There are 2 protein chains.
Amino acid sequence: MAQRAGVPLSAVKYYQREGLLPAGARSAPNQVAYGEEHVRRVRLVRALLETGGLSVAATKDVIAALDAEAAPLARTFQVAQHAMGARRVQESAPSGAARARVEALAAARGWCVTSDNPGFEAAARALDGLRSIGFDPPQEYLDAYAAAAGTAAAADLQALSGRGERDAVAELMVVGTVLGDPLFAGLRRLAQQDATRDAFPAPARGGRR
Amino acid sequence: MAQRAGVPLSAVKYYQREGLLPAGARSAPNQVAYGEEHVRRVRLVRALLETGGLSVAATKDVIAALDAEAAPLARTFQVAQHAMGARRVQESAPSGAARARVEALAAARGWCVTSDNPGFEAAARALDGLRSIGFDPPQEYLDAYAAAAGTAAAADLQALSGRGERDAVAELMVVGTVLGDPLFAGLRRLAQQDATRDAFPAPARGGRR
DNA sequence: CCACTTCGGATACCTTCACTATCCGAAAGT
DNA sequence: ACTTTCGGATAGTGAAGGTATCCGAAGTGG
């Protein structure tokens with residue numbers, strides 16, 4: 001099973017220990033049968049850990065939310081969002097001013113959000129970081145980012161429609177939430193290089209001229 | 001100085017050891033004078049480490065590129081982008097198919113990029129993660145993300161214009177590159193909650209009904 | 001002038017995280 | 001009966017990001 005998922009056996013054992021993977025069906029007292037769903041689950045865990053950058057503990061919460069069949073899908077979404085916020089511990093709380101600015105931005109766009117949304121903290125911390133080097137982002141800057149976020153979120157939800165099964169929807173919801181960030185990050189780097197080419201002279205190759 | 005920057009003294013010493021902070025001006029054989037620029041630098045380092053999620057080694061590269069006055073700004077941008085790709089070691093290379101899809105996406109949008117842009121790897125890995133759970137992103141999905149990335153990148157470059165000094169521009173470029181990701185991530189979570197509210201029934205508060 | 005504090009620098013140590021290696025007992029195959 | 005293989009448990013590993021301690025030189029008060 002570990003081979004089928006492309007993961008070292010020791011890592012699979014570790015995930016089971018940590019509660020990230022359910023025990024397989026006992027076929028014999030010392031044999032466990034794993035089906036395709038287990039392989040799929042291992043790959044999901046790896047995607048969240050490796051590409052998504054989540055911690056094992058955060059991944060555990062997400063998995064638990066996925067398996068809570070009774071919970072509404074919106075609740076699963078919430079857990080996935082909170083798990084992403086907790087990728088690192090010991091993060092200082094953002095300033096009130098930064099948070100207020102993010103709240104104003106959300107209100108201006110008519111977003112209906114709750115104040116416990118971890119996006120507030122994340123965005124406010126980023127604003128604090130920009131402020132700390134003396135950059136107070138102009139409104140156009142924030143508006144552009146908010147518009148981009150809206151575009152991506154709409155695409156995320158669009159992708160969910162038309163997928164009938166509850167499990168498939170929940171899984172995609174979680175993975176999309178987590179992997180959307182690195183996807184955007186990569187594409188932004190590409191777009192930045194293109195934009196930089198227009199704004200600055202190309203660096204001279206092989207020395208200065 | 002550590003107090004002024006809001007960082008434990010031991011951490012500042014550690015950063016100096018690791019080459020993230022330059023030595024201060026010696027005012028006496030056992031006294032070192034720190035100016036406002038040092039405090040600023042400490043805050044920059046903290047923003048990259050804590051909010052940006054960079055490793056100490058990656059931050060060191062970025063700092064070095066910032067201080068290389070002779071280097072063209074485009075080069076500084078490159079280093080910042082590469083540093084972000086290296087936030088975690090031991091990441092497996094993405095599949096060729098995923099990378100090809102990202103390349104096609106960039107070509108379709110007319111982006112002029114080099115193949116060593118770390119954004120390719122990052123985006124392709126995210127696509128692999130989505131594929132691994134059986135989600136093959138439709139073209140509209142990728143187009144939406146690419147459009148969002150273009151919007152953000154344009155705002156990033158816009159913010160750079162009108163800032164005369166080379167140092168200020170380079171610093172903002174670096175911090176904007178690094179902190180743009182968490183800023184977007186936070187805003188996307190807010191937008192997602194809003195979009196989810198439209199697509200799914202609100203979760204019942206206080207129990208099931 | 002001499003104890004006493006303070007500062008900077010160097011070294012050793014600590015904690016967490018994500019694994020990895022080893023050991024053991026039971027069961028299946030030969 | 002004997003070897004192999006499997007699952008589970010326990011202990012160990014290495015990197016990362018700090019923290020704590022020690023030491024010697026410089027300034028300070030009596």
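Nothing here was measured: the structure is a model prediction, and the numbers come from that model. Order of the sequence lines fixes the chain letters, A, B, ..., with proteins taken first and strands second; residue numbering starts at 1 for each chain.
Taking atom NZ on A:K13 and atom P on C:dA21, their separation rounds to 12 Å, with Å as the unit. Between the OH atom of B:Y34 and the P atom of C:dC7 there is a distance of 12 Å, rounded to whole Å. Here the P atom of nucleotide C:dA18 and the NZ atom of A:K60 are 13 Å apart, to the nearest Å. Distance, A:L49 CG to C:dC19 C1': 11 Å, rounded to whole Å. The nearest whole Å value for the distance from the CG atom in B:L20 to the P atom in D:dA16 is 14 Å. Note: CG (B:L9) to C1' (C:dG8) measures 9 Å, nearest angstrom. Rounded to whole Å, atom P of D:dA9 lies 13 Å from atom CD of A:E18. Going from atom CD of A:Q16 over to atom C1' of C:dA18 covers 16 Å, rounded to whole Å.
B:R40 has no carboxylate O lying under 4.0 Å from a charged side-chain N of B:E36, or vice versa, which leaves the two without a salt bridge.
A donor-acceptor contact shorter than 3.5 Å is absent between the side chain of B:H38 and the backbone of B:Y34.
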The test is salt bridge (charged side-chain N to carboxylate O under 4.0 Å, His left out); show your working for B:R99 and B:E103 and say whether it passes.
CA-CA 6 Å; B:R99 194 182 162 104; B:E103 281 169 2; 3.1 Å; yes
Salt bridge (charged side-chain N to carboxylate O under 4.0 Å, His left out) for A:D128 and B:R46? Distances and angles first, verdict last.
CA-CA 11 Å; A:D128 278 338; B:R46 289 294 283 199; over 6 Å; no
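Closest contact between the side chain of B:R46 and the listed nucleotides D:dG18, C:dT20, D:dG7 involves D:dG18. Here the nucleotide nearest the side chain of B:S55, chosen from D:dG17, D:dT19, C:dG9, is D:dG17.
Between B:Y14 and A:R17, it is A:R17 whose nearest contact on DNA chain D lies nearer the 5' terminus.
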